[in-house]
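One structure below.
Atoms within each ligand, like the ligands themselves, are counted from 1 in listed order. We use all heavy atoms of the structure for the numbers below, so side chains are in, but hydrogens, waters and symmetry mates are not. Throughout, residue positions are numbered sequentially from 1 according to the sequence presented.
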Amino acid sequence: MDEDIYENLKRIRFNIGEAKAKYRSSGDDLRIMAVTKTVPYQRVNMVIDDGITLLGENRVQEYLEKKDLYRQNAEVHFIGHLQSNKVKYIIDNVSLIHSVDSFRLASEIDRLAEKNGLCKNILIEVNIGGEESKSGVPEHEVRDLISEISQLKNIRIKGLMTIPPVGQSESSFERMQALFSDIRSEKYSNASMEILSMGMSSDYVLAVKYGSNIVRIGSAIFGSRK
Ligand SMILES: *Cc1c(COP(=O)(O)O)cnc(C)c1O
């Protein structure tokens, strides 16, 4: 079972390499994030040993239980839905929060960042399919939210993140790529569009096609979650 992880990573790297060669320019930055939810720390450490330098965490409690057991040479990003009252538990440990979708959450990140003397990097999560059940800000509210958050002194907006509706990855990624590039050219203060976080186990190749530079992969690396 453990050997599967190495086989899986090999296949994923191959697929990404092919898609990059086909669709992207050679210097383009693209990172594979290993998404760790429900995965025992030993298996997470296997992928770090195999060269994965980025972990994605969904659940505050689970992360706190595992973080000291991880090899410390991987960078950690928070990608799950985050309640304002939980920010304090993770802010010192994660270098990027992908899931900011409200001014209220951003304000709390800003407040704690200031208190700790840091400036925090975040992404805006976009609910590109406009789904009721999903977190993320609707596409038509993204600019207003960016304008509002860019007033905060201890936050830097670094880009956008999305989880597309099932079966609509390609059209969603295409729209995200356009939105990302439009917002970049609109030049908001404190908001540089450098990171487009999209693509998961079932659609990461498509995400590469549409300009993703962080693909967040869980089950295709570790096997399906129970
Ligand atoms: C679980 C999760 C992933 C990875 O999903 P897989 O389909 O297992 O690759 C990526 N992003 C977020 C936000 C997740 O919650």
Regarding Lys209 and Glu170, does a basic nitrogen lie under 4.0 Å from an acidic carboxylate oxygen? yes

Closest to atom 5 (O) of ligand 1 (heavy atoms only, candidates Arg225, Arg59, Met198) is Arg225

Ranking Arg216, His98, His81 by closest non-hydrogen atom to atom 11 (N) of ligand 1, top hit is Arg216

Minimum-distance protein heavy atom relative to [atom]:
| atom | answer |
| --- | --- |
| atom 1 (C) of ligand 1 | Lys37 NZ, 1.2 Å |
| atom 12 (C) of ligand 1 | Ile79 CD1, 3.6 Å |
| atom 9 (O) of ligand 1 | Ser201 OG, 2.5 Å |
| atom 10 (C) of ligand 1 | Met200 SD, 3.1 Å |

Can you list the atoms of ligand 1 that are under 4.0 Å from a heavy atom of [X]?
| X | answer |
| --- | --- |
| Ile217 | 9 (O) |
| Ile163 | 13 (C) |
| Ser219 | 6 (P), 7 (O), 8 (O), 9 (O) |

d(Ser26 OG, Lys20 NZ) to nearest 0.5 Å is 8.5 Å

Output for pair (Ile32 CD1, Ile16 CD1), nearest 0.5 Å, gives 4.0 Å

Can a donor-acceptor pair be found between the side chains of [X] and [Y] at a distance below 3.5 Å?
| X | Y | value |
| --- | --- | --- |
| Gln61 | Tyr89 | no |
| Asp50 | Tyr6 | no |
| Ser133 | Glu131 | no |

Checklist entry - Do Met161 and His77 come within less than 4.5 Å of each other through their side chains, counting heavy atoms only? => result no

Is it the case that ligand 1 has an N or O less than 3.5 angstrom from some N or O of Met161? no

